[in-house]
Amino acid sequence: MNFSFSDEQELLRKNTARFLEKNLKPYVRDIDAKGEIPVEFFRNAGENGIISPLIKQKYGGPSLSFMDSVIISEEIARVDTSMATSVYYLLNTSWAYVLQKYGKQELKDKLLPEIASGSQFIGIASTEPSGGSDVANITTSGTVKNGKIIINGEKMYISGALEAKNNGGGHLTLVKTDQEKGHKGITMVYVPASAKGIEITKLENMGRMGISTAGIKYNNVEVPEENIIGEINEGFYYSMDGFNHARIMVAAACNGLSEKMLEEGLGYIKERKAFGKSLSDFQAISFEAADLKTEIEMASLLNYKAAYLADVDNPEFYIYSSMSKLKSPQIAMDTVKKVMMWFGAYGYTKDSGIEMSARGIFSYLVGAEGALNIMKMIIAKAILK
Ligand SMILES: Cc1cc2nc3c(=O)[nH]c(=O)nc-3n(C[C@H](O)[C@H](O)[C@H](O)COP(=O)(O)OP(=O)(O)OC[C@H]3O[C@@H](n4cnc5c(N)ncnc54)[C@H](O)[C@@H]3O)c2cc1C
């Protein structure tokens with residue numbers, strides 16, 4: 001067992017941090033206030049190989065590993081502590097992975113170089129107004145006819161819908177090709193956001209303002225059959241593969257944010273004086289810091305194990321990615337809350353930036369990339385079988 005990163009990985013972390021310091025940090029507060037990540041950031045990140053790092057070199061990507069992708073995810077969250085850029089990154093990384101693994105050659109040749117360069121976004125459209133956890137019961141229909149698939153229905157809370165429409169891109173969309181067969185009747189289709197018959201309605205979220213969440217209506221949307229990912233009626237399995245990998249990236253983002261918050265908090269409690277001492281001299285506070293440090297370390301180690309198992313193709317990796325997705329957002333929320341309290345009244349102001357992180361992290365407690373109870377269901381089923 002080896003607990004160190006390789007020299008290449010240490011360099012990747014250093015270079016990513018340096019790139020983000022220059023190209024992302026100055027814009028973070030604007031991203032939250034204006035609700036938009038600058039398009040140039042995606043292009044620059046693409047040029048630096050950190051916008052969708054799992055894409056293979058033959059498609060113009062850097063061909064990095066899941067562990068490398070975790071390193072990048074942690075670093076992005078340390079800089080854009082609103083979580084918006086982390087969400088863009090993790091979707092682009094995980095769903096490009098699914099396209100690369102299961103997509104048809106023609107579609108991969110067309111899309112993957114664009115995604116790797118930061119010119120196109122790729123996300124997932126699974127959730128419907130009737131619910132997100134019970135994927136098998138989606139009703140959006142897909143009818144295969146004359147070399148096309150015709151889509152009708154509605155998706156909800158879809159991240160990146162406006163970015164895909166305005167800057168280029170689309171979503172791997174789950175449709176029912178056999179309404180009678182539950183999860184065995186689901187097909188995955190790549191639907192560009194610019195397709196005729198798509199209607200996008202932006203939802204006003206409480207956090208991670210730099211990436212949109214929207215409802216998407218599909219009114220007789222036609223896409224070529226080549227856009228069907230893999231086999232008809234196998235889409236549920238591809239989506240689970242994608243979600244299981246995406247959860248590693250979510251947890252990495254939460255861990256990166258937790259580390260950054262704790263660092264800022266430690267700096268503050270050492271400086272801030274009350275009753276003639278530093279706040280850090282009060283055990284009530286230093287013990288909280290000790291607990292947080294321990295929990296963040298545990299969360300990171302669990303997530304590195306999940307990434308390692310994904311890299312070596314261990315079929316049990318999904319249990320670890322679910323455990324990671326269960327714990328990391330809760331630890332991040334706890335960290336943000338405690339650090340905000342150490343900061344006192346200043347922590348409650350927008351100036352401190354802490355509330356921005358609280359708003360962002362909450363999306364992962366609520367459900368993005370799978371609700372917490374669903375993680376527990378996956379873990380329980382695996383350990384009880
Ligand atoms: C900011 C944000 C961005 C999102 N982006 C996307 C996206 O890009 N693409 C996409 O497809 N979806 C997206 N989602 C939707 C997300 O996947 C869903 O929120 C999630 O799957 C949960 O679905 P739901 O919100 O409909 O809640 P429901 O499925 O209605 O569940 C509600 C609550 O009940 C609990 N629950 C459900 N079933 C059980 C059970 N059997 N036992 C115990 N408890 C249960 C859940 O844990 C949850 O707390 C996003 C969500 C958010 C908040």
Side-chain angles (χ1 to χ4, degrees), residues 32 35 82-96 98-99 121-140 151 153-165 169-176 183 186 188-191 193 198 200-218 229 235-236 238-247 249-250 253-254 322 325-327 329-330 332-333 356-381 384:
D32 186 55
S82 79
M83 302 303 280
T85 313
S86 297
V87 175
Y88 191 101
Y89 165 82
L90 76 91
L91 289 168
N92 230 25
T93 300
S94 316
W95 299 100
V98 171
L99 170 64
F121 166 82
I122 186 163
I124 174 76
S126 163
T127 307
E128 300 194 347
S130 58
S133 303
D134 189 3
V135 178
N137 272 321
I138 62 161
T139 57
T140 296
I151 303 168
E154 188 174 357
K155 297 286 175 186
M156 199 49 114
Y157 315 114
I158 305 307
S159 299
L162 285 177
E163 287 74 6
K165 186 176 173 213
H171 292 78
L172 297 180
T173 305
L174 297 186
V175 299
K176 269 275 169 75
H183 74 281
I186 293 176
M188 183 182 266
V189 193
Y190 175 74
V191 183
I198 279 195
I200 297 175
T201 311
K202 188 179 180 207
L203 302 165
E204 291 303 330
N205 280 336
M206 66 181 259
R208 57 189 231 185
M209 310 308 277
I211 181 162
S212 67
T213 308
I216 306 181
K217 282 192 180 141
Y218 305 80
I229 306 299
F236 177 83
Y238 308 147
S239 73
M240 289 305 128
D241 195 11
F243 281 124
N244 287 330
H245 285 91
R247 285 167 192 153
M249 301 301 146
V250 170
C254 292
S322 305
K325 169 63 174 59
L326 173 63
K327 282 291 164 191
Q330 298 189 71
M333 195 69 216
M356 180 173 85
S357 304
R359 289 187 277 113
I361 281 295
F362 224 99
S363 69
Y364 290 124
L365 295 176
V366 163
E369 254 60 47
L372 299 192
N373 279 351
I374 302 308
M375 299 307 104
K376 290 184 190 175
M377 280 164 64
I378 296 170
I379 300 159
K381 193 173 167 197
L384 288 166

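Counting starts at 1 for both ligands and their atoms, in listed order.
Using a 3.5 Å distance cut-off with no hydrogens or angles, the side chains of Asn244 and Asp241 do not pair a donor with an acceptor.
Ring to ring, His171 and Tyr190 are not that close: their centroids are 6.0 angstrom or more apart.
Counting non-hydrogen atoms of neighbouring residues, nucleotides and ligands closer than 6.0 angstrom, the CZ atom of Phe236 exceeds 12 such neighbours.
Within the 3.5 Å criterion, the main-chain N or O of His183 finds no donor-acceptor partner in the side chain of Lys176. Here the side chain of Glu369 pairs no donor or acceptor atom with the backbone of Tyr364 at under 3.5 angstrom.
Protein residues with a heavy atom under 4.0 Å from ligand 1 are Ile124, Ala125, Ser126, Thr127, Gly131, Gly132, Ser133, Tyr157, Ile158, Ser159, Arg208, Ser363, Gly367, Ala368, Ala371, Asn373, Ile374, Met377.
Applying the salt bridge (Lys or Arg N to Asp or Glu O under 4.0 Å) test to residues at least two apart or on different chains, the pairs with a partner in residues 356-367 are Asp32-Arg359, Glu355-Arg359.
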